[in-house]
Chemist: 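Take this structure first; my questions come after.
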Amino acid sequence: RILSMRQDVIWRKKMARYIPADTPVKILDLATGTGDQLIFLAKRRRNISSGIGVDMAEKMIEIGNEKIREKGLESRFELQKGNATDLPFDNDTFDVATISFGIRNVNDVERSLSEMRRILKPGGKALILEFSIPENRVIRSLYMLYFRHVLPRIGGLISGDSQAYRYLNQTVETFPYGKAFCDLMENAGFTSVEARPLSFGIASVYKGEK
């Protein structure tokens with residue numbers, strides 16, 4: 001939140017607008033971490049009847065489940081260990097599947113997208129929020145300057161691990177975005193695929209339907 005200057009809050013709000021607001025929704029959040037995405041969506045969409053967050057990091061799941069209990073959301077949400085490329089859920093289970101700033105770290109992106117489509121009900125939506133590269137040359141240059149040189153220093157001061165934030169910029173710069181990522185979603189079988197650039201293209205929301 002500090003490193004994005006709270007832009008991540010705006011990005012999550014815009015992604016939430018793609019979630020149906022007039023019917024009960026069962027949601028799956030991948031790379032859920034400590035459950036921030038589910039907790040945020042609980043405030044934006046009261047019609048989300050239930051949700052499961054999946055992550056490989058057991059300690060983050062423990063912290064996330066405690067946060068969910070503290071907020072009185074344990075009747076609606078739970079976090080559990082799971083792999084985004086081999087989801088432990090039946091076909092046609094969820095109305096919406098989300099992943100925020102995690103798809104680029106999945107070891108098999110195409111398989112993960114296929115798994116997201118598999119567990120969605122017919123007509124269900126996959127919503128993916130991820131960093132991208134601005135098209136405007138001036139904004140792109142400023143963005144890269146911040147991403148390559150400023151962000152690792154600030155992140156290092158906060159976390160004590162600047163190398164983790166150098167890794168962040170490397171993964172973003174090499175990961176497909178825009179049309180290239182839309183193509184991956186279409187190859188996985190999604191229809192009505194679209195990309196919406198946010199904050200001049202610093203991040204993008206991708207939507208696909210089953």
Side-chain angles (χ1 to χ4, degrees), residues 3-5 7-19 27-33 36-37 41 54-56 82-87 94 96-120 122-152 155 164-210:
L3 295 174
S4 73
M5 303 175 203
Q7 287 298 299
D8 68 301
V9 177
I10 296 173
W11 299 338
R12 291 178 192 273
K13 285 181 180 178
K14 291 185 176 180
M15 186 178 76
R17 292 174 186 168
Y18 286 102
I19 297 175
I27 191 167
L28 174 67
D29 184 48
L30 305 182
T32 198
D36 285 348
Q37 177 87 310
L41 292 176
V54 169
D55 201 286
M56 293 286 286
N83 191 328
T85 62
D86 188 17
L87 296 171
F94 296 91
V96 175
T98 63
I99 182 168
S100 293
F101 308 113
I103 192 70
R104 73 181 186 283
N105 293 320
V106 174
N107 59 13
D108 189 336
V109 174
E110 293 184 8
R111 178 163 179 170
S112 179
L113 291 172
S114 295
E115 278 289 273
M116 291 177 77
R117 184 181 182 279
R118 178 184 67 79
I119 56 86
L120 284 172
K125 292 182 180 180
L127 301 174
I128 299 168
L129 177 59
E130 189 52 84
F131 289 113
S132 50
I133 307 296
E135 295 293 336
N136 181 282
R137 291 171 62 184
V138 174
I139 294 174
R140 183 169 65 245
S141 296
L142 292 172
Y143 175 60
M144 288 305 180
L145 176 66
Y146 174 75
F147 222 41
R148 292 171 178 171
H149 303 290
V150 180
L151 184 147
Y165 292 90
R166 297 187 196 285
Y167 167 77
L168 172 65
N169 102 269
Q170 293 167 3
T171 60
V172 171
E173 290 187 47
T174 57
F175 194 74
Y177 65 95
K179 184 180 183 305
F181 190 79
C182 287
D183 289 344
L184 289 178
M185 292 189 72
E186 289 176 349
N187 290 342
F190 287 104
T191 61
S192 302
V193 174
E194 62 180 69
R196 180 181 180 184
L198 307 172
S199 301
F200 305 103
I202 290 174
S204 295
V205 173
Y206 301 94
K207 176 190 75 75
E209 297 181 6
K210 180 172 179 177

Chemist: Is there a donor-acceptor contact under 3.5 Å from the side chain of S132 to the main chain of G201?
Modeler: yes
Chemist: Taking atom CE of M185 and atom OG of S114, what is their separation to the nearest 0.5 Å?
Modeler: 10.5 Å
Chemist: Taking the side chain as C-beta and beyond, is there a heavy-atom pair between L41 and V96 under 4.5 Å?
Modeler: no
Chemist: Taking all heavy atoms of L113 and all of A188, pick out the closest pair and write down the distance.
Modeler: CB-CB, 3.7 Å
Chemist: Does V54 reach the side chain of L30, with side-chain heavy atoms less than 4.5 Å apart?
Modeler: yes
Chemist: Is K125 close to I19 at the side-chain level, that is, under 4.5 Å between some pair of heavy atoms?
Modeler: no
Chemist: If you round to the nearest 0.5 Å, how far is CE of M15 from NZ of K207?
Modeler: 13.5 Å
Chemist: For residues R118 and K210, report the shortest heavy-atom separation together with the two atoms involved.
Modeler: O-NZ, 3.2 Å
Chemist: Starting at CD of E186, measure out to OG of S192 and round the result to the nearest 0.5 Å.
Modeler: 9.5 Å
Chemist: So do P176 and L184 actually touch side chain to side chain, heavy atoms under 4.5 Å?
Modeler: yes
Chemist: How close do A97 and I119 get, heavy atom to heavy atom, and via which atoms?
Modeler: CB-CD1, 4.1 Å
Chemist: Supply the atom-to-atom distance T98 OG1 to Q37 CD, rounded to the nearest 0.5 angstrom.
Modeler: 4.5 Å
Chemist: Return each pair, listed once, that meets ring pair (Phe, Tyr, Trp, His ring centres under 6.0 Å) where at least one residue sits in residues 172-205; pairs must be two or more places apart or across chains.
Modeler: F175-F181, F181-Y206
Chemist: So do the side chains of F94 and I27 get within less than 4.5 Å of each other, counting heavy atoms only?
Modeler: no
Chemist: First locate atom CE of M116, then atom CD1 of I128, and finally report the distance between them rounded to the nearest 0.5 Å.
Modeler: 4.5 Å
Chemist: Restricting to side chain to side chain contact (heavy atoms under 4.5 Å, CB included), what partner residues turn up for T85, sequence neighbours left out?
Modeler: N83, V106, N107, D108, R111, S112
Chemist: Working to the nearest 0.5 angstrom, can you tell me the gap between L198 CG and W11 CH2?
Modeler: 7.5 Å
Chemist: Would you name the heavy atoms of M56 and G82 that are closest together and state the gap between them?
Modeler: SD-O, 3.4 Å
Chemist: For L28 versus L87, what's the shortest heavy-atom pair and its separation?
Modeler: CD2-CD1, 4.0 Å
Chemist: Taking all non-hydrogen atoms of both residues, which atom of C182 and which atom of A195 are closest, and how far apart?
Modeler: SG-CB, 3.7 Å
